[in-house]
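Note that these values count all heavy atoms, side chains included, but never hydrogens, waters or copies made by symmetry. All chains are named by letter (A, B, ...) in the order of the sequence lines, taking the proteins before the strands, and each is independently numbered beginning at 1. Keep in mind it's a predicted model, so treat the numbers as computed, not measured.
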Amino acid sequence: MHRYRRLRRKELPIDTRELARFLIGKALVHDSPNGRMSGRIVETEAYGVGDAAAHSFRGMTPRNRSLFLEHGHAYVYFIYGTWFCLNVSGEAEGVGGGVLLRALDPAEGADLMLRRRPGAPLHKLACGPGCLATALGIGKRHDGVDLCAPGELWLGAPDRRWAPPSIGRSVRIGITKEAHRPLRFFERGNPCVSGPRGLLR
DNA sequence: TGCACGATAATCT
DNA sequence: GATTATCGTGCAA
């Protein structure tokens, strides 16, 4: 049985890029009505201040307002008519920025995740931001949730049995603006990381 | 293993 | 009306 401690807001860096790196190897936990689903965060991307690829770049709108909440809040958006994606806000209140969670290495509740992603092998259950949200049952109702407060969706400290990650860095995936900036972070050698093989260094 | 491509709808211009 | 921080399929090699 895994036992996680909730991360306190004080422990999170107040800087989107630092937070993206910090979150590799931490836990994401969803205590759903059907039971707990959790996993080790193995891939993130930073979308911070002054970044033309960030949803927050052009200021606050009804869609992106959660990115302007104090660091440690969830920003959930819907994309391509099909998928949800989960971000963690990364700046002080009123300053926009967020970390896109791209992949998890499933720990608890893989059976529950599999129910939402039938047929997926374990290493592809929560591989890619859309799949991650689907597997964990994350949707618009989680937009604006405080991930450091008591609630069903939260960030956890690493399980003590987990080895500390070796962290790799690369350009981000699926964007055209600011495409050259190395703002993607991932755990080296973890099979659950998404994206082309060429980006695995 | 590595691409090209279509599905699909909210959001913004 | 254009754009999009995606994914799964299909086809080539």
**Distance test, side-chain N/O of Arg102(A) to OP1/OP2 of dT6(C), below 4.0 Å** = yes
**Message:** Measure CZ/Phe186(A) against C1'/dA5(C) and give the value in whole Å, please.
**Reply:** 17 Å
**Asked** Side chains of Asp146(A) and Glu70(A): closer than 4.5 Å at any heavy-atom pair?
**Response** no
**Request:** With DNA chain B as reference, determine whether Trp83(A) or Lys140(A) sits nearer its 5' end, using the nearest nucleotide of each.
**Result:** Trp83(A)
**Fill in**
Of the candidates dC12(B), dT4(C), dC7(C), the side chain of Thr176(A) sits closest to dT4(C)
**Asked** Which part of the nucleic acid does Ile175(A) contact within heavy-atom distance under 4.0 Å: base, sugar-phosphate only, or nothing?
**Response** sugar-phosphate
**Item:** Option passing side-chain hydrogen bond (donor to acceptor under 3.5 Å, both in side chains) with Glu11(A) (candidates Arg5(A), Arg6(A), Lys26(A))
**Value:** Arg5(A)
**Asked** When the distance from CZ of Arg63(A) to P of dT13(B) is rounded to whole Å, what number comes out?
**Response** 10 Å
**Prompt:** Taking the side chain as C-beta and beyond, is there a heavy-atom pair between Phe57(A) and Lys177(A) under 4.5 Å?
**Reply:** no
**Fill in**
To the nearest angstrom, the CD-C1' distance between Glu43(A) and dT6(C) comes to 13 Å
**Request:** In sequence, state the C-alpha distance, the side-chain angles, and the governing distance for Phe78(A) and Lys140(A), and then conclude on side-chain contact (heavy atoms from CB on, under 4.5 Å).
**Result:** CA-CA 8 Å; Phe78(A) 191 56; Lys140(A) 211 50 180 163; 5.6 Å; no
**Asked** When the distance from CZ of Phe84(A) to C1' of dT11(B) is rounded to whole Å, what number comes out?
**Response** 14 Å
**Message:** Starting the side chain at C-beta, find the nucleotide from dC7(C), dT13(B), dA10(B) nearest to Phe78(A).
**Reply:** dA10(B)
**Asked** What does dG1(C) pair with, Watson-Crick or G-U, if both distances are under 3.5 Å?
**Response** dC12(B)
**Prompt:** To the nearest Å, how far apart are Glu178(A) CD and dA5(C) P?
**Reply:** 12 Å
**Message:** For the base of dT6(C) and the side-chain ring of Tyr80(A), does the geometry meet a stacking cutoff of under 5.5 Å between centres and under 30° between planes?
**Reply:** yes
**Request:** Compute whether any side-chain donor of one residue and acceptor of the other, for Ser170(A) and Arg184(A), lie under 3.5 angstrom apart.
**Result:** yes
**Request:** Return no unless some side-chain N or O of Arg117(A) is found under 4.0 Å from OP1 or OP2 of dG8(C).
**Result:** yes
**Request:** Answer with yes or no whether Tyr77(A) presents, from its side chain, a donor or acceptor under 3.5 Å of a partner atom in the base of dA10(B).
**Result:** no
**Asked** Contact class for Asn64(A) (heavy atom, under 4.0 Å): base, sugar-phosphate, or nothing?
**Response** nothing
**Prompt:** Roughly, in whole Å, what's the span from CG in Leu183(A) to P in dA5(C)?
**Reply:** 14 Å
**Request:** Quickly work out the Leu100(A) CG to dT4(C) C1' distance and round it to whole Å.
**Result:** 13 Å
**Message:** From C-beta outward on Lys177(A), which listed nucleotide comes closest to its side chain: dT4(C), dT6(C), dG8(C)?
**Reply:** dT4(C)
**Prompt:** Tell me: CG of Leu67(A) to P of dC12(B), nearest whole Å?
**Reply:** 12 Å
**dT8(B) OP1/OP2 closer than 4.0 Å to side-chain N/O of Thr82(A)** = no
